[in-house]
Amino acid sequence: MNTTKVYANMLAVMSLDRLDPEKLRRVAECVDVAAAFKMLADYGYAYKDGDSIDGFIVGETDALIRFIEDNAPGKAVKDALLARFVYNNCKLAYKSRFAEMPSDGYYDVGFDAEKIAAGNYEDADAYMRAALEKLDEDKVTKPQDIDIALTRAMYEKILSCKSAVVQKYFRAEIDMKNILSAARLRRLGMSGDEFIAGGKIDIELLNEAVSAESFADVFEQTPYCEFAENFETAEFKDLWRAELDSDDLLYFMTASAVADFASYKPFLNYYAQALIELKTVKTALVCIKTNARDMFYRRVPVMYKN
């Protein structure tokens, strides 16, 4: 079902009240994962007995998927927002030909991954099909190469959505992934074909950053100068921080227009916040399990800081 922009945006804004900084702190301070699951259930999360941490997060992600399927303001926007979940299943299915994949890693997104595993691409979109056929032709088996090929196809699919707001959001996501890749290559002292087309930052600029004297200076005239500067300040260590910085930037990109009900921005803000929420909850659960709460408090997104 597709709804009007205004109705979809109203539903999205009203659905962002499960977790706040105080509730998150209480979860993080639970004595063990079982207690954390119980508290999350009290906050409205759908925990089932026997869920693993990954299984729990997949289940909650499925709830997000159902919300998007039922309420997205238009098919093109819905397909763009669901693409990461469809392509996740595609990656797992394709890699299952060469290695054992986790059974609880698939999302319930109405996509028959078993067909992909069997080499049947009839349900794949045009971008996915072209990538899969090229992987077959080149006899690619390395997981990293499969991931990058399908990630590139995924963003081609997403950017085929004509909404300027959706395109701006995902082009920014691509830019930050590419800057992270450049930082990783710089740290390893390597060059490589890891960049994704579709962002605002030219690939030539990214290649320049890999070997430039100052990594951050290369991005001085872009919106990502501070993002890039953080890598240099940390001497290209702890690259996990880049994902946190990226989430914060994408959140603020959409949060500033959350009341603009005549656009797609409030719905996109819900999407951004929901992804950050699930990632944050998973980090909290993993840190509880490993008794690394100090690490969790270093990884709290801006939206959960008092």
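Everything numeric in this text was worked out from a predicted model, so none of it was measured.
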| message | Quick check on side chain to side chain donor-acceptor pair (under 3.5 Å): which of K177, K91, R84 does T151 satisfy it with? | response |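 Among the candidates, only K91 passes.
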Flag the pair [X] / [Y] as yes when at least one side-chain heavy-atom distance between them is below 4.5 Å, and no otherwise.
| X | Y | value |
| --- | --- | --- |
| I65 | D108 | no |
| Y87 | F111 | no |
| R26 | E22 | yes |
| D147 | K95 | yes |
| L81 | F170 | yes |
| V281 | E60 | no |
| P301 | Y251 | no |
| N88 | Y106 | no |

Could you go step by step and tell me if I196 and I148 meet the side-chain contact (heavy atoms from CB on, under 4.5 Å) rule? CA-CA 8 Å; I196 302 164; I148 189 63; 4.0 Å; yes
**OP:** Check the pair R241, N230 against side-chain contact (heavy atoms from CB on, under 4.5 Å), reporting the backbone distance first and the verdict last.
**Re:** CA-CA 9 Å; R241 293 181 183 276; N230 289 342; over 6 Å; no
Atom pair [atom1] ([X]) and [atom2] ([Y]), whose distance is rounded to the nearest 0.5 Å:
| X | Y | atom1 | atom2 | value |
| --- | --- | --- | --- | --- |
| L24 | K305 | CG | NZ | 11.5 Å |
| L205 | N178 | CG | CG | 10.5 Å |
| T222 | D202 | OG1 | CG | 11.0 Å |
| R66 | T61 | CZ | OG1 | 10.5 Å |
| D112 | N120 | CG | CG | 8.0 Å |
| C90 | I146 | SG | CD1 | 9.5 Å |

[atom1] ([X]) with more than 12 external heavy atoms under 6.0 Å:
| X | atom1 | value |
| --- | --- | --- |
| E100 | CD | no |
| E133 | CD | yes |
| K168 | NZ | no |

Look at [X] together with [Y] and state whether they make a salt bridge at an N to O cut-off of under 4.0 Å.
| X | Y | result |
| --- | --- | --- |
| D247 | R299 | no |
| D138 | K134 | yes |
| K75 | D79 | yes |

Between the side chains of [X] and [Y], does any donor sit under 3.5 Å from an acceptor?
| X | Y | result |
| --- | --- | --- |
| N71 | Y270 | no |
| D245 | Y224 | no |
| N269 | Q273 | yes |

Check: [Y] main-chain N/O paired with [X] side-chain donor or acceptor under 3.5 Å:
| X | Y | value |
| --- | --- | --- |
| D125 | M128 | yes |
| R293 | A28 | yes |
| R97 | I116 | yes |

Sequence neighbours left out, cut at 3.5 Å: what donor-acceptor pairs do the side chains of residues 32-46 make with other protein atoms?
residue : atom : partner : partner atom : Å
D32     : OD1  : A34     : N            : 3.3
D32     : OD1  : A35     : N            : 2.8
Y45     : OH   : E277    : OE2          : 2.8

Can you see which heavy atom on [X] is nearest to which on [Y], and at what distance?
| X | Y | value |
| --- | --- | --- |
| A272 | L250 | CB-O, 4.5 Å |
| Y127 | S160 | OH-CB, 3.5 Å |
| A113 | N89 | CB-O, 4.0 Å |
| Q167 | L159 | NE2-O, 2.9 Å |
| A197 | I174 | O-CD1, 3.8 Å |
| M303 | P21 | O-CG, 4.5 Å |

- Message: Show, in sequence, the C-alpha distance, side-chain angles and deciding distance for L185 and L206, and conclude whether the side-chain contact (heavy atoms from CB on, under 4.5 Å) test is met.
- Response: CA-CA 10 Å; L185 290 170; L206 293 161; over 6 Å; no
Across all chains, not counting sequence neighbours, the side chain to side chain donor-acceptor pair (under 3.5 Å) partners of Y297 are E29
I'd like to know if [Y] and [X] are part of one continuous hydrophobic network [Ile/Leu/Val/Met/Phe/Trp/Tyr, side-chain heavy atoms within less than 4.5 Å].
| X | Y | answer |
| --- | --- | --- |
| I68 | V165 | yes |
| V286 | Y304 | yes |
| V109 | L92 | no |
| F98 | V140 | yes |
| M190 | F195 | yes |

Can you classify the ring geometry of F231 versus F215 as parallel (below 30°), tilted (30 to 60°) or perpendicular (above 60°)? perpendicular
Show the numbers, then the answer: is there a side-chain contact (heavy atoms from CB on, under 4.5 Å) between D136 and Y94?
CA-CA 10 Å; D136 287 346; Y94 194 88; 2.6 Å; yes
Ring centres under 6.0 angstrom apart (F227, F219): no
